[in-house]
Amino acid sequence: MNKIIRINMNDLSTRIEDVPAAWAGLGGRGLTSTIVAAEVPPTCHALGPNNKLVFAPGLLTGTPAANSGRLSAGAKSPLTGTIKESNAGGTAAQMLARLGIKALIIEGIPAEDKWYSLHVSMDGVAIREESELVGKWNFAVIEAIEARLGKKTGILTIGPAGEMKMTAANISVKDPDSKIRSHGRGGLGAVMGSKKIKFISIDDQGAPKVPIADPEKFKTAARVFAKALMDHPVSGEGLPTYGTNVLVNILNEAGGLPTRNFTSGRFDGADKISGETMNETITARGGKVKHGCHAGCIIQCSQVYHDQQGKYVTSGFEYETIWGLGADCCIDNLDDIARADSLMDDIGIDSIETAVMFGVAMEAGILQWGDSREMLRILAEEIGRGTPLGRILGGGAGSVGKTYGVTRVPVVKNQGIPAYDPRSVKGIGITYATSTMGADHTAGYTIATNILNVGGYVDPLKKDGQVELSRNLQIATAAVDSTGMCIFIAFPALDIPECLPALIDMINARFGISLTGDDVTNLGKHILKVERQFNIEAGFSNIHDRLPEFFTTEKVAPHNAIWDFSGDEIDEFWNF
Amino acid sequence: MQVTVKLFATFRNGRFKVTSQELTEGTACRTIMLGLELTEEQIGVVLVNGRHAALDQGLHEGDTLALFPLVGGG
Ligand code: SF4
């Protein structure tokens, strides 16, 4: 990794730069957030010329380290107004890493009302005018680019949602099977659309292997690391068998499965949409229960889901999507949720934001609870086509809540709250409130310790220990998000003592450096502080680190739990 | 007393999803676990009426016991 490529859409020029010394030790989220904080004016309009869209592979991406192929995308978010990093699998990260690209920084907005593509290769980046694929949905875009440039081409693309700058639009990444993974959260697809880039194609032919300073040391550490991943019951058995959707039943039992737009913690139809049922269904129909989102993933939480006729419907079918369209919208039909998942990939819209949005839309009376047919129609015909209603819905949960006067709108910093009720799983409420990203479960996944008995146990229904738990996890996650690692390595890392040192050894062997555990913790702290400073300068304060009012006034069944943290207690989070 | 016992994930293999058991008042979760030929090592999470419980906790009329292996996602 030895270069930064800047793409200036104002004058359609590109420039290859050396990596500044201060950025050399950074990758992934650490690098995207550092660049955005350094170069984007915090008060700028996220869809204006002063925002920048940054892509960065992680520190270990492109090496043989297991599960290291994640790509970070960063910018100021048009959904939240905060800094944003969203990472995804797919093939692009490893290709960029092999090309020696530490970051792509896309700046400005073209003067002419035309669309463009970027082509990344050993020769640098070429900006090309694009007309044929404008208006096309993501699967058609991928098919056309593969026909044009070859099957192996890496692709980052936006669908109609991104073209129309909807604030729930995502950036889609081609996976090894020409299907889609997503930089889902925060509306980064709208930022790419504002810069008039329909897709980025990547050709890594002729690229060398990623250099490793101490190959022997690397090999040893990589082996220990992979063994830890395979030995832990969650990453070695649970995730590959049931996917992330194994969580439906346990959250339902624990009373933390938000149902009917966050009015209950249990869903009667839970078993029908559970990971166990999904596993049986996939097996019976000849799909695949396990599948990796990038080469080198050995956990393989993804899957391939077929319909009753045995035809492919979707892959990467995640718990959050299934919870959101399922329990939160009262839809107990896994096939319809799978169709919606595929449609959201095709349109290029965040499946978490959109699922939370549908819960609010149902409460607003736009469609009936549980009406999956109308949900599918709205996705394809309203959001996909950008009708006035579709644009309101494509703005996410906050947008539809505001437009229709709904008061029960589960968002923090305007980003939809995902699949865990903060009243009955209080640690995650602290993460939602304080994350620099807006409501984001992955930022500090306290579910591990609150519900799953991983990394110890902190009672989810009590306030004790939650702030500290969330803080420690958010610090660790910010660091892990910089390595290119999938966040699910956290399960073994929390329980198996050799796991984290092996990860650090791999980084040291890769670069010929000698980081310690403390250095890594300090990196995590530093990243959070850089992100928070950006948000403060963008106009955010501790007053925004709060959950919506209804969580403090409406008790949630079955535990009659309420959100009872005071502002001062939440603000303790930042004491580090 | 009557208690409901629910099993999840791999625990269902060769066993059941949900069943009702007639037991003496105060029977410990552990006793039920052993009756199902599960070991403490295999247990990830024990919930009694939706709250985390220790294996030694005694059950009462109408309780629901849910047993999970270690699972995760996100
Ligand atoms: S475990 Fe899942 S999300 Fe993580 S790298 Fe593998 S397929 Fe992707």
Side-chain angles (χ1 to χ4, degrees), chain A residues 232-239 241-256 265-266 271 274-277 279-280 299 301 318-320 323 418-420 424 441-442 445 447-448 450-455 457-461 486-488 490-492 494-495 557-559, chain B residues 1-21 23 27-74:
Chain A
H232 195 272
V234 171
S235 45
E237 183 175 18
L239 281 169
T241 310
Y242 301 105
T244 56
N245 199 32
V246 73
L247 292 172
V248 165
N249 274 332
I250 195 163
L251 264 303
N252 190 54
E253 281 304 314
R266 280 200 181 142
D271 200 56
S274 67
E276 288 89 337
T277 300
N279 174 289
E280 281 169 24
I299 301 177
C301 79
E318 303 282 349
Y319 165 63
E320 277 72 23
W323 151 75
Y420 317 86
S424 36
H441 62 294
T442 66
Y445 193 65
I447 308 306
N450 281 157
I451 300 289
L452 307 170
N453 285 351
V454 174
Y457 171 66
V458 173
D459 189 338
L461 291 159
C486 162
I487 193 61
F488 295 147
F491 291 109
L494 284 166
D495 279 342
H559 302 304
Chain B
M1 64 168 181
Q2 285 276 104
V3 299
T4 303
V5 181
K6 294 181 173 179
L7 299 180
F8 296 92
T10 46
F11 287 178
R12 288 182 177 176
N13 298 342
R15 297 192 187 87
F16 54 85
K17 256 191 204 181
V18 52
T19 189
S20 184
Q21 293 192 358
L23 300 158
T27 301
C29 302
R30 184 187 305 278
T31 310
I32 298 175
M33 172 195 85
L34 293 172
L36 294 167
E37 296 185 351
L38 289 168
T39 63
E40 183 162 359
E41 259 232 302
Q42 291 172 284
I43 300 289
V45 175
V46 180
L47 297 177
V48 174
N49 302 329
R51 288 174 188 255
H52 290 72
L55 279 169
D56 293 324
Q57 184 168 322
L59 296 173
H60 305 288
E61 172 66 29
D63 280 352
T64 297
L65 168 67
L67 296 174
F68 300 82
L70 262 199
V71 293

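In what follows, every heavy atom counts, from backbone to side chain, and hydrogens, waters and symmetry copies are set aside. Since we're looking at a predicted model, the values are computed, not measured. Letters go in sequence order (proteins before strands), and every chain restarts at 1.
- Heavy atoms of B:Leu47 lying under 4.5 Å from chain A belong exclusively to its side chain.
- Contact tally against chain A (heavy-atom pairs below 4.5 Å) for B:Ala66, B:Gly72, B:Gly73: the top residue is B:Gly73.
- No part of A:Pro418 comes within reach of chain B, as not one of its non-hydrogen atoms sits under 4.5 angstrom from that chain.
- Of the listed residues A:Ala490, A:Gly238, A:Pro233, A:Gly265, the one with more heavy-atom pairs under 4.5 angstrom with chain B than any other is A:Pro233.
- Applying the salt bridge (Lys or Arg N to Asp or Glu O under 4.0 Å) test to every pair with at least one member in residues 65-74 of chain B, sequence neighbours left out, gives no pairs at all.
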Output all donor-acceptor pairs under 3.5 Å across chain B and chain A; consider backbone as well as side chains.
| residue | atom | partner | partner atom | Å |
| --- | --- | --- | --- | --- |
| B:Lys6 | NZ | A:Glu253 | OE2 | 2.8 |
| B:Ala9 | N | A:Glu276 | OE2 | 2.8 |
| B:Ala9 | O | A:Tyr242 | OH | 3.4 |
| B:Thr10 | N | A:Tyr242 | OH | 3.0 |
| B:Arg12 | NH2 | A:Asp271 | OD1 | 3.3 |
| B:Lys17 | NZ | A:Asp271 | OD2 | 2.5 |
| B:Gly44 | O | A:Asn453 | ND2 | 2.8 |
| B:Gly50 | O | A:His559 | NE2 | 3.2 |
| B:His52 | NE2 | A:Ile451 | O | 2.9 |
| B:Gly73 | O | A:Tyr445 | OH | 3.4 |

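- For a heavy-atom cut-off of 4.5 Å, chain A lies close to no residue in residues 31-38 of chain B.
- With a 4.5 angstrom heavy-atom cutoff, A:Ile447 does not touch chain B via any of its atoms.
- With a threshold of 4.5 angstrom between heavy atoms, A:Ile451 approaches chain B through its backbone and through its side chain.
- The contact between B:Ala9 and chain A is made by backbone and side chain atoms together, counting heavy-atom distances below 4.5 Å.
- Under the rule for a ring pair (Phe, Tyr, Trp, His ring centres under 6.0 Å), the partners of B:Phe68 that lie at least two apart in sequence or sit in another chain are B:Phe8.
- The contact between A:Ala254 and chain B is made by backbone and side chain atoms together, counting heavy-atom distances below 4.5 Å.
- Taking the side chain as every heavy atom from C-beta outward, A:Leu452 and B:Val71 approach each other to under 4.5 Å.
- Comparing A:Leu247, A:Val246, A:Ile250, A:Leu239 by how many heavy-atom pairs each has under 4.5 Å with chain B, the most go to A:Ile250.
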